[in-house]
Structures are given as C-alpha cells and as structure tokens.
Amino acid sequence: MRFRKDASDLDERIEIPELLIKTLSSLESESLLTLPGEVIVFESDGLANFGIVRDGRIVSEELIALIRVVRRTGEIHRGAIEIARGPIGEGKREVTVSVTPLTEDGLILVLVSDESEGRRIDAVRRDFVANVSHELKTPIGALGLLSEAILGAKNQPEEVVRFATKMQNEAKRLTELVQEIIDLSRLQSSDPLQKAFPVEIEDVIREATSQAQISAESRGIYIEPGAIASATVIGDRDQLIAAVHNLIENAINYSPENTKVSVASSAKDGLAEISVTDQGIGIAESELGRIFERFYRVDPARSRETGGNGLGLSIVKHVALNHGGDVKVWSKEGVGSTFTIILPIAKTEEQI
Ligand code: ADP
C-alpha cells in the first residue's frame, strides 16, 4: 500500500479511513483512489506492474476519460482498457477496470484486474476443441468414403478385402485418437499426486520397454538397455509407463530400420532422469519449441503414416509436470534425438 506523499501535502480535503485502506489492500484486484485533478491519494502495491500510473500520475488516457465520465455522471462504470505492456514495442494487454465515485467531494475508487490470463486459457481450450473436431473428421470421413467404395465394389472380392483392410486401419486410428484425447483430458483435469504411490523407475522402464518390443521388432530396431540407476519417485505408475512408452514409440517411429534406441536412467541431486535416445531423423531446432504442443507434428504426412496424431509428446509433458518434474529434448537433424523425463526422487536405493 502506498500513500502519495505529495498528494497528502497538497490536499487536506480528505482523510482516508484506515478501514478502507485495509479493505483495498486485501482485495485481489489492484486499486487506486484519486481526487479531482487526478491527484492519486492511494495506490495498492501491485498497481505499479500495470503501467497505469507513472510518477504519481495516471498515464492511461482511456482510464482518465473513464474517470471523467464517472465524475460527470456520478455512476459506477466498468469496462476494459488497453494498456501498453512496456515503454517500447506494440505489445498491449487488456485489463478490466471498475470506477466508482465514493464521496461528494470527488474521491474516486478504481479497481484494476488482469483477465488476460483467463482469456488465454479460454482461447487454448477453444483451439483444442476446434483441433479435436478437425482431427476426428479426417478418419470419420475416410470411413465413410471406404464404406462407399466397398458398396461400389461388392462384386470384386479382392477390392472388398483391400478397402475393408483400410477401413480397419482407420477404425484403429480413430480408437487410438479418442483414447489419447480422453487420456489427455484426464491428465489435465486431475492431480495424479492425490492417488500417488512409490514407483520404481526401473520398473517403469522395464514395463514401457516391453510394451514397445513388438513395434521395435517389426522395424528391426534394437532397444538397448542403457545404464539404469535405481530410484523411487512418488506418482502414478500407469501414467509414468505411458509417458516413457510414448517416448520409445516415437524413437522407433522416427528412426530408420535396423537402428538402435537406448533407454537409460540416472539419479542425482534429488532428481531421477529417464532418457530415450535414438539414431533417427532428428528435429530441426526451429521446431523444438513446438513439438510438445497438442496435435503439433513436424511432418504431418510422415506422422500419419506411423499412426501419429501429435498428442504423444503433450501427454509426456503433462505427466512430467503433474509429477512435479519436466521433460527436455536434445536433437540434431540426421543424427538423432534424446528425450529426458526428469522427476523428483522420493528416496534412492541407499536410503531405503
Ligand atoms: P506424433 O503422434 O505425431 O508422433 P508427438 O506429440 O509424439 O506426435 O510428437 C510430435 C512431433 O514431434 C512428431 O510428429 C514428430 O514430428 C516429432 N518427434 C517426436 N519424437 C521424435 C523423435 N524421437 N525423432 C524425431 N522427431 C520426433
């Protein structure tokens, strides 16, 4: 909370009750009190972050205009104003203000809150729904076309078999996609640590590797067990296995046949790391920032061939974050990639 010294020197017209100041300081919104002539007599601590007031003066023309309207009409006004994010650049943010006349002699209360974060989350949610609908339409459309093709070819048994096989593939993709969308929304809406148990990372790696064995063999890829450190983390075993499994499947899918994928773990400074390294196609540096986004694929055509839907890495990221950890990636085009899940250790073997 800050009283403007210059204001109280200049202006003896008003005494602000302590209770009002305490109330304003306890609100989530930032606040300021101003007298006619836009003399600020109080501003809350966090108001400085909004760039509305500089050197004791209101610098937002829009807010000044709103305050003048309130003085003229004596009525409360609420609205959104745009303020510059900084002194340079065009970045703007929208804040919500409510301007209330408090006393006859022109004391005005301004409450300021930033709803842009809430709006950003809403936008991400809307995008997700739009993306899901788009992703679902593709296999559903394909199923429709294939069933028409089967009807058209009903007297040619070989064609029927060919189209029916394609239909099976599309149905399988659709099932996987729907399952991953469900998994992802579960991950986003629940806190896994509420039903968390001690999990051995060795066990997670063993299980995830064994689940990937068949697809590795079908592509002649050898899953090499690297150095494995023992460590226990607190979390949801199935989610952790699914995350490591996703990384191994990606390593297999984005590597040429007859190469190696290695899975290793280490434990130090209270953190366990599980890393999956491949000798695959790698990822361009410019793409690395985006691959964890939902539905993002570097090469949609290739990803579609391998049954990818762009959700795998966002699931990995969510699992890591929900467990208080993170995921990082190193990659070089034509050389390969290493994805590492980092998790806080509950206890190491030595401590048990
Ligand atoms: P997808 O289902 O398409 O594999 P992911 O979310 O798992 O989706 O991965 C996003 C994109 O990141 C992939 O489409 C691919 O372009 C890239 N990618 C992921 N893992 C690897 C890897 N090990 N090597 C090369 N590219 C990868």
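In listed order, ligands and their atoms are each counted from 1.
- The protein heavy atom nearest to atom 7 (O) of ligand 1 is Asn250 ND2, 2.8 Å.
- Heavy-atom proximity to Gly282, at under 4.0 Å, picks out these atoms of ligand 1: 25 (C).
- Glu180 and Asn309 form a side-chain donor-acceptor contact under 3.5 Å, judged by distance and modelled atom types alone.
- Here the rule is side chain to side chain contact (heavy atoms under 4.5 Å, CB included) with Phe339, and of Thr277, Ile248, Val244, Ile291 only Ile291 fits it.
- Those atoms of ligand 1 that come under 4.0 Å of a heavy atom in Gly310, given as number and element, are 1 (P), 2 (O), 3 (O), 6 (O), 8 (O).
- For ligand 1, the atoms sitting less than 4.0 Å from at least one non-hydrogen atom of Leu311 are 6 (O), 8 (O), numbered in the order shown with element in parentheses.
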*Start with the C-alpha distance between Thr340 and Ser275, add both sets of side-chain angles, then the distance that settles side-chain hydrogen bond (donor to acceptor under 3.5 Å, both in side chains), and finish with yes or no.*
CA-CA 4 Å; Thr340 307; Ser275 54; 4.6 Å; no
_Check against side-chain contact (heavy atoms from CB on, under 4.5 Å), Val59 and Val53_ = CA-CA 5 Å; Val59 289; Val53 173; over 6 Å; no
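- Of the N or O atoms in Ile283, none lie within a sub-3.5 Å distance of an N or O in ligand 1.
- Ranking protein heavy atoms by distance to atom 21 (C) of ligand 1, first place goes to Tyr254 CD1, 3.6 Å.
- Not one N or O of Ile281 is nearer than 3.5 Å to an N or O of ligand 1, by distance alone.
- Using a distance-only test at 3.5 Å, with no hydrogens or angles considered, no donor-acceptor pair links the side chain of Glu43 to the main chain of Leu32.
- By the 4.0 Å N-to-carboxylate-O rule, Lys328 lies close enough to Glu273 to be salt-bridged with it.
- Close to ligand 1: Ser337, with a non-hydrogen atom less than 4.0 angstrom away.
- At a 3.5 angstrom cut-off on N or O pairs, Asp278 counts as close to ligand 1.
- Between Phe339 and ligand 1, no pair of N/O atoms sits closer than 3.5 Å.
- With rounding to the nearest 0.5 Å, the separation of CG in Leu111 from CG in Leu47 is 10.5 Å.
- Atoms of ligand 1 found under 4.0 Å from any heavy atom of Leu313 (numbered from 1 in listed order, with element): 5 (P), 6 (O), 7 (O), 9 (O), 10 (C), 12 (O), 19 (C).
- A donor and an acceptor atom, one from each side chain of Gln279 and Ser255, are nowhere located under 3.5 Å apart.
- With hydrogens left out, the protein atom closest to atom 3 (O) of ligand 1 is Ser303 OG, 2.5 Å, a heavy atom.
- Which parts of ligand 1 touch Gly312 is read off a 4.0 Å heavy-atom cut-off, strictly below it: atoms 5 (P), 6 (O), 7 (O).
- The protein non-hydrogen atom at the shortest distance from atom 10 (C) of ligand 1 is Tyr296 O, 3.2 Å.
- Remark: ligand 1 atoms within the under-4.0 Å shell around heavy atoms of Ile291 are 10 (C), 12 (O).
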_Does Val276 form a side-chain contact (heavy atoms from CB on, under 4.5 Å) with Thr338? I'd like the steps, not just the answer._
CA-CA 5 Å; Val276 178; Thr338 298; over 6 Å; no
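- Of the charged side-chain nitrogens involved, at least one lies within less than 4.0 Å of a carboxylate oxygen, so that Lys172 and Glu176 count as a salt-bridged pair.
- Distances between N or O atoms of Arg297 and those of ligand 1 include no value under 3.5 Å.
- The contact set between ligand 1 and Val298, taken as ligand atoms under 4.0 Å from a residue heavy atom, comprises 14 (O), 16 (O).
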*Could you check Asp236 against Asn322 for side-chain contact (heavy atoms from CB on, under 4.5 Å), going step by step and ending with a plain yes or no?*
CA-CA 10 Å; Asp236 183 317; Asn322 281 357; over 6 Å; no
